[in-house]
A.B. asks: 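I am attaching a structure below and will ask some questions about it afterwards.
Here the structure is a predicted model, which means the values were calculated and not measured. Order of listing sets the numbers, starting from 1, for every ligand and every atom in it. Index from 1, following the sequence.
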Amino acid sequence: MDLPRSFTIRESSHRILNPFTPEKLATLGAAIGLRPGATVLDLCCGKGELLCTWSRDHGIAGTGVDISTVFLAAARERAAELGVGERVRFTHGDASTYVAGEPVDVAACVGATWIGGGTAGTVALLERSLRPGGTMLIGEVFWRAEPPSQEAVEACHATSRDDFGTLPGLFEVFDGLGYDVVEMVLADEDSWDRYYAAQWRNLRTWLDANPDDELAPELRAELSREPMRYVRFRRHLLGWGVFALMKR
Ligand SMILES: C[S@@+](CC[C@H](N)C(=O)[O-])C[C@H]1O[C@@H](n2cnc3c(N)ncnc32)[C@H](O)[C@@H]1O
């Protein structure tokens, strides 16, 4: 079980695999009041930047779970680079069934709520690992504005307008699940650019170096198509944020 290679090519230069800058990630870590020794579970941890930098900055201990062996190797390298390899560990596996051995102080799934079949299912999954009174972090996408056409919907990687909610709609979901939203940090257009525009350069660099690779035609087509779709639709239509939740 591993992530398709196209993802690791597209996100080769990224440390954060979401529309968050290092500053926004640090803002979130500071905002939720992490204490030294607090335990954090990060499902779909990617390259582990959340755990590694929060361990460096706040002294947390944590476990990251991800399906990508390439991203996990980068996560372990980053942990060693930041001197936190003793406090954070990374596990290869399917996060959709992962439950922590001991309840954790913070349970996170940042930008991968498909593992629970959507927001509510991911909240239920994280709940199984979270201690009473702990903080849950959900990174989720939402519409900032009504998509004007099916073309716009598909440019935002949705199949239907109803695939995503609105920001108030997300708050209603959290409320209905019995959670208070106690903090949030939202992406903005500049942080979306750091996520998407950086992918175009990664694709172009890789295509120049690997013109005969079997993935080259597909990734060439993507690079020809996606930047325009992004500036026409995704950049102003799609919102994204990480929401900190506490059970009432
Ligand atoms: C959008 S990235 C977010 C990564 C990370 N949370 C971050 O913000 O940098 C989604 C991640 O989910 C991982 N993933 C996808 N399906 C998974 C699964 N079933 N189990 C574990 N990881 C999965 C991918 O490998 C990828 O690292």
A.B. asks: Before signing off on this row, confirm whether Cys44 and ligand 1 have an N or O atom pair separated by under 3.5 Å.
C.D. replies: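 Yes, since at least one N or O of Cys44 sits under 3.5 Å from an N or O of ligand 1.
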A.B. asks: Look at Asp190 together with Arg194 and state whether they make a salt bridge at an N to O cut-off of under 4.0 Å.
C.D. replies: no
A.B. asks: Check whether any side-chain N or O of Asp105 sits under 3.5 Å from a backbone N or O of Thr39 as a donor-acceptor pair, and report yes or no.
C.D. replies: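 Checking the backbone N and O of Thr39 against the side chain of Asp105, a donor-acceptor pair under 3.5 Å is found.
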A.B. asks: Just so I know, are the side chains of Phe7 and Ile9 near enough to count as touching, which here means a heavy-atom distance under 4.5 Å?
C.D. replies: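 No. Closest side-chain heavy atoms not under 4.5 Å.
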A.B. asks: For ligand 1, which is the ligand I care about here, please tell me if Ile115 has any N or O atom under 3.5 Å from one of the ligand's N or O atoms.
C.D. replies: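 Such a contact does not occur with ligand 1.
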A.B. asks: What part of Leu3 sits under 4.0 Å from ligand 1 if we count only heavy atoms: the side chain, the backbone, both or neither?
C.D. replies: side chain
A.B. asks: What I want to know is whether Asp94 and ligand 1 share at least one N or O pair that is separated by under 3.5 angstrom.
C.D. replies: yes
A.B. asks: Can you sort out which atoms of ligand 1 are near Ile16, meaning under 4.0 Å from one of its heavy atoms?
C.D. replies: 9 (O)
A.B. asks: Check for me whether Arg234 meets the cation-pi criterion with Tyr196, that is, NZ or CZ under 6.0 Å from the six-membered ring centre and within 45 degrees of the ring axis.
C.D. replies: yes
A.B. asks: Using a heavy-atom cut-off of under 4.0 Å, does the side chain or the backbone of Phe20 touch ligand 1, or both, or neither?
C.D. replies: neither
A.B. asks: Is any NZ, NE, NH1 or NH2 atom of the basic residue among Glu222 and Arg10 found under 4.0 Å from an Asp or Glu carboxylate oxygen of the other?
C.D. replies: yes
A.B. asks: So how far is it from Leu82 CG to Asp57 CG, rounded to the nearest 0.5 Å?
C.D. replies: 8.5 Å
A.B. asks: Given Pro19, Ala112, Gly93, identify the one with the heavy atom nearest to atom 21 (C) of ligand 1.
C.D. replies: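 When every heavy atom of Pro19, Ala112, Gly93 is considered, Gly93 comes closest to atom 21 (C) of ligand 1.
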A.B. asks: Hey, does Asp66 come in under 3.5 Å of ligand 1, counting only N/O atoms on both sides?
C.D. replies: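 Min N/O separation from ligand 1 is below 3.5 Å for Asp66.
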A.B. asks: For Cys45, take its heavy atoms, then give the atoms of ligand 1 lying under 4.0 Å from any of them.
C.D. replies: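 Reading through ligand 1 atom by atom, the close ones are 5 (C).
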A.B. asks: Considering only the protein, which heavy-atom contact is closest to atom 1 (C) of ligand 1, and what is its distance?
C.D. replies: Leu17 O, 3.1 Å
A.B. asks: Does Arg161 use its side chain to pair, donor to acceptor, with the backbone of Pro147 at less than 3.5 Å?
C.D. replies: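 Judged by distance alone, no pair lies under 3.5 Å.
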A.B. asks: Tell me which one of Trp114, Phe7, Phe71, Trp240 gets a heavy atom nearest to atom 10 (C) of ligand 1.
C.D. replies: Trp114
A.B. asks: Should you measure from each heavy atom of Gly46, which atoms of ligand 1 turn up under 4.0 Å away?
C.D. replies: 4 (C), 5 (C), 27 (O)
A.B. asks: Counting both backbone and side chain atoms, is some N or O of Gly111 under 3.5 Å from an N or O of ligand 1?
C.D. replies: no
A.B. asks: Measure from the side-chain N and O atoms of Arg248 to the backbone N and O of Tyr179, and report whether any donor-acceptor pair falls under 3.5 Å.
C.D. replies: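 Pair found, side chain donor or acceptor close to backbone of Tyr179.
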A.B. asks: Taking the side chain as everything from C-beta on, heavy atoms only, tell me whether Phe20 gets closer than 4.5 Å to Tyr195.
C.D. replies: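 Heavy-atom side-chain distance check fails, nothing below 4.5 Å.
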A.B. asks: Of the protein's non-hydrogen atoms, which lies at the shortest distance from atom 3 (C) of ligand 1, and what is that distance?
C.D. replies: Asn18 ND2, 3.4 Å
A.B. asks: Is there a side-chain contact between Leu238 and Trp143, using heavy atoms and a 4.5 Å cut-off?
C.D. replies: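 In contact.
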A.B. asks: Shortest non-hydrogen contact from Leu25 to Trp54?
C.D. replies: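 So the two residues come closest at O-NE1, 3.1 Å.
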A.B. asks: Quick check: does Ser96 get an N/O under 3.5 Å from an N/O on ligand 1?
C.D. replies: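 No, no N or O pair falls under 3.5 Å.
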A.B. asks: Please identify which atoms of ligand 1 are closer than 4.0 Å to at least one heavy atom of Ala95.
C.D. replies: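 That gives atoms 18 (C), 20 (N), 21 (C) of ligand 1.
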A.B. asks: Please confirm whether Ile67 comes within less than 3.5 Å of ligand 1 when only nitrogen or oxygen atoms on both sides are compared.
C.D. replies: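 Looking only at distances, the answer is yes, because the N/O contact criterion of under 3.5 Å is met.
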A.B. asks: May I ask whether Gly139 places a heavy atom under 4.0 Å from ligand 1?
C.D. replies: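 Gly139: no contact with ligand 1 (<4.0 Å).
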A.B. asks: Below 4.0 angstrom, N of the basic side chain to O of the carboxylate: do Glu77 and Lys47 qualify?
C.D. replies: no
A.B. asks: Check Cys109 against ligand 1 and report side chain, backbone, both or neither, counting heavy atoms closer than 4.0 Å.
C.D. replies: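 Within the 4.0 Å criterion, Cys109 makes no contact with ligand 1.
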